[in-house]
A.B. asks: 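Pasting a structure here, questions to come.
Values in this document were obtained by computation on a predicted structure and should not be read as measured data.
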Amino acid sequence: MTAPKARWFALAALSLALLAVGLDLTVLNIALPTLAVDLHATTSQLQWFATAYTLVLAAALLPAGLLGDRYGRKKMLLSALVLFGAASAACAFAPSAGVLIAARALLGLAAAFLLPLSMSILPVLFSAQERPRAIGIWATANAIGVPIGPIVGGLLLEHYWWGSVFLINIPLVVIALVAVGTLVPESRSQQRRRLDLTGVVLSSLGLLGVTYGVIRAGADGWGDAGTIGSLLAGAVLVAVFVWWQRRTTDPLIDLDLFRSPSFTWGTALTTVVSFAMFGLLFALPQFFQSVNGVSTLSTGLRLLPMIGGLVLSVRVADRVARRTGNKLVVLTGFLVMAAALALGATTTTSSGYGFAATWLAVFGAGLGFAMPTAMNAAMSPLSAERSGVGSALLMTTRQVGGAVGVAILGTVLSSGYQAGLDLTGLPAPVAAAARASVNTGVRVAEQLHLPGLLSSVRDAFVHGMDATLWVSAGLATLGVLIAAAFLPARSATMEDNGEAARTTGSEHEVGGVTR
């Protein structure tokens with residue numbers, strides 16, 4: 001059995017690796033103008049810098065969990081860390097846009113292993129009593145990388161070349177490699193089942209189709225033929241995948257997991273959290289930059305109250321959940337999130353930063369209650385035997401939920417923005433530029449010295465952002481209803497016959513883990 005302190009050191013190292021994964025979701029955004037010049041990248045290539053990472057990440061999550069269960073979670077995690085470090089170096093020194101896109105795809109593949117396997121190790125390292133706190137730390141590390149990305153990227157780009165935003169991953173990876181290699185025990189499923197290649201292909205292509213369709217919808221609209229075709233193809237393949245999983249003797253995922261109310265509704269609630277959170281993180285940075293006129297670095301710093309609320313509330317949520325169970329804590333978290341988002345939806349162009357900081361901190365507090373506790377509810381029924389695939393399934397729904405959230409809430413934002421514009425009397429090219437985006441509208445208005453247009457653009461964006469936050473508040477309210485109606489008051493304990501061995505400290509093989 002791993003020594004108590006060593007377990008927490010291992011978790012700290014894994015959290016650093018997760019921080020790197022979160023950073024890579026947003027740190028690239030602020031480097032895009034520089035990349036466009038240095039790599040002579042087209043607009044399409046700039047989009048693929050982000051899309052290649054997201055698509056591969058979504059498509060590879062489920063196979064990654066299975067491979068960890070089958071061949072050893074520690075072994076696959078170490079391999080993923082090496083790949084993540086190598087891909088980061090390849091990104092940093094990419095000589096062309098095409099090479100950077102390929103390196104970003106490899107980075108997404110490594111992240112697809114890091115996310116579920118780092119989570120699947122938690123039931124191996126920690127007892128049922130320790131696991132909520134461990135999941136809270138894991139979830140916090142996973143969440144804070146997203147808003148920290150612009151801060152780190154801005155600081156690096158002020159002093160170094162654009163490749164530095166990728167090289168920052170390497171020391172984090174090295175620390176994680178040493179810690180995982182020395183502190184984490186090897187674990188694997190005792191059931192040596194045949195690899196479900198058909199399931200791997202169907203799930204990967206299906207998730208690829210759905211995710212690409214959602215990403216394309218955000219750029220081209222939901223009525224675009226390519227969007228509709230990709231979404232339909234992806235949905236059909238996912239349906240065929242589910243059908244195949246019910247027929248095959250060695251399925252990629254265990255559909256019996258969904259017989260557990262804790263797993264089913266914990267996973268659903270985690271997805272709802274991602275939907276609302278990524279929508280907020282899509283709209284708010286644009287508000288700070290285009291309406292308030294602050295820099296990208298300042299934008300990242302202005303998101304810190306949300307991180308502060310999250311970090312402080314996670315510890316409180318853990319203590320409360322031990323006494324009352326997961327249901328009340330999750331329900332409270334969604335209530336707080338809904339209230340914060342509703343407050344944020346009253347934002348005007350004259351609202352000061354103090355107002356934004358207040359509701360962001362409250363939202364972060366609700367997030368700290370809802371997200372880790374919902375994850376723990378989903379993880380509770382998972383034994384060490386099924387932790388890899390179960391964690392991968394949880395992360396897959398969360399990833400797709402986040403992508404769908406950005407696309408749908410992005411559509412709400414865009415529609416609200418365009419509906420609120422007053423373009424009366426403006427030349428057609430100027431009006432078209434203003435409709436394209438708030439960033440373009442502000443730039444055109446300032447270049448042409450049109451204060452009326454500038455005021456209209458900013459008012460219209462705030463109108464669209466408020467509509468987006470109202471929708472997010474509605475989603476958080478839906479989370480309240482789901483938690484109240486379906487989430488068990490106390491989650492099922494781990495189905496791990498070796499739990500008694502953990503408490504007695506005896507040394508024997510449990511679920512494929514040498515303790």
Side-chain angles (χ1 to χ4, degrees), residues 26 29-30 143-144 146-155 158 276-313 333 335-368 409-410 412-414 416-422 434 437-446 449-476:
T26 55
N29 293 343
I30 64 170
I144 65 175
V146 175
I148 286 179
I151 301 173
V152 174
L155 288 171
E158 282 187 3
M277 181 179 69
F278 279 96
L280 179 151
L281 291 173
F282 176 76
L284 208 56
Q286 296 183 73
F287 169 75
F288 287 141
Q289 293 179 52
S290 298
V291 178
N292 291 346
V294 304
S295 67
T296 304
L297 175 59
S298 296
T299 294
L301 292 172
R302 287 175 179 233
L303 293 173
L304 287 178
M306 184 180 77
I307 299 174
L310 169 65
V311 171
L312 291 175
S313 65
L335 272 174
V336 172
M337 287 169 59
L341 290 165
L343 182 62
T346 64
T347 299
T348 67
T349 52
S350 59
S351 297
Y353 174 63
F355 176 73
T358 299
W359 71 262
L360 271 174
V362 174
F363 177 85
L367 185 65
L409 295 176
V412 173
L413 177 62
S414 178
Y417 167 69
Q418 293 182 6
L421 283 172
D422 181 6
S437 71
V438 63
N439 302 306
T440 305
V442 167
R443 186 164 57 248
V444 169
E446 289 177 341
H449 305 289
L450 297 173
L453 176 60
L454 182 61
S455 177
S456 175
V457 165
R458 287 174 171 168
D459 286 340
F461 181 81
V462 171
H463 170 73
M465 186 185 78
D466 287 349
T468 302
L469 293 177
W470 277 121
V471 174
S472 296
L475 288 168

A.B. asks: Output, in order, the C-alpha distance, side-chain angles, deciding distance and verdict of side-chain contact (heavy atoms from CB on, under 4.5 Å) for Leu310 and Phe363.
C.D. replies: CA-CA 8 Å; Leu310 169 65; Phe363 177 85; over 6 Å; no
A.B. asks: Just how far is it from atom CE of Met277 to atom OG of Ser472, taken to the nearest 0.5 Å?
C.D. replies: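 So the gap between those two atoms works out to 11.5 Å.
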A.B. asks: Looking at every heavy atom in both Thr348 and Ser351, which two are closest together, and how far apart are they?
C.D. replies: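 Minimum heavy-atom separation between Thr348 and Ser351: N-OG, 2.9 Å.
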A.B. asks: Run the side-chain contact (heavy atoms from CB on, under 4.5 Å) check on Tyr353 and Asn292 step by step: do they pass?
C.D. replies: CA-CA 9 Å; Tyr353 174 63; Asn292 291 346; 5.8 Å; no
A.B. asks: Counting N and O atoms only, with roles assigned by atom type, does the side chain of Ser455 sit under 3.5 Å from a partner on the main chain of Pro451, one being a donor and the other an acceptor?
C.D. replies: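 Not a single qualifying donor-acceptor pair exists.
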A.B. asks: Supply the atom-to-atom distance Leu284 CG to Leu469 CG, rounded to the nearest 0.5 angstrom.
C.D. replies: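 Here the interatomic distance stands at 7.5 Å.
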A.B. asks: Between Ala345 and Asp466, what is the shortest heavy-atom contact and its length?
C.D. replies: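 For Ala345 and Asp466, the tightest heavy-atom pair comes out as O-CG, 3.0 Å.
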A.B. asks: Which pair of non-hydrogen atoms, one from Thr468 and one from Leu409, has the smallest distance, and what is that distance?
C.D. replies: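 For Thr468 versus Leu409, the nearest heavy atoms are OG1-O, 3.6 Å.
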A.B. asks: Provide the closest heavy-atom pair for Leu343 versus Phe355 in the form atom of the first, atom of the second, distance.
C.D. replies: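 What the structure gives for the nearest pair is O-CZ, 3.2 Å.
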A.B. asks: So, the side chain of Arg458 versus the backbone of Ser290: is there a donor-acceptor pair under 3.5 Å, distance only?
C.D. replies: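 Between the backbone of Ser290 and the side chain of Arg458 there is a qualifying donor-acceptor contact (under 3.5 Å).
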A.B. asks: With rounding to the nearest 0.5 angstrom, report the OG1 to CH2 distance, Thr347 to Trp359.
C.D. replies: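 With rounding to 0.5 Å, OG1 (Thr347) is 6.0 Å from CH2 (Trp359).
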A.B. asks: Is there side-chain contact between Met465 and Val291, with heavy atoms separated by less than 4.5 Å?
C.D. replies: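 Heavy-atom side-chain distance check fails, nothing below 4.5 Å.
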A.B. asks: What are the two closest non-hydrogen atoms of Ala365 and Ser313, and how far apart are they?
C.D. replies: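 Where Ala365 meets Ser313 most closely, the heavy atoms are O-OG, 3.0 Å.
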A.B. asks: Working to the nearest 0.5 Å, report the span between CG of Leu413 and CD of Gln418.
C.D. replies: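 Between atom CG of Leu413 and atom CD of Gln418 there are 10.0 Å.
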A.B. asks: Rounded to the nearest 0.5 Å, what's the gap from CZ on Arg302 to CZ on Phe288? Could you check?
C.D. replies: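 Answer for the CZ-CZ pair, Arg302 versus Phe288, is 6.0 Å.
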A.B. asks: Starting at CG of Asp459, measure out to CG of Leu454 and round the result to the nearest 0.5 Å.
C.D. replies: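 Result: 9.5 Å between the selected atoms.
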A.B. asks: List the atom of Ala460, the atom of Gly420, and the distance in Å for their closest heavy-atom pair.
C.D. replies: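 Closest approach of Ala460 to Gly420, heavy atoms only: CB-C, 3.5 Å.
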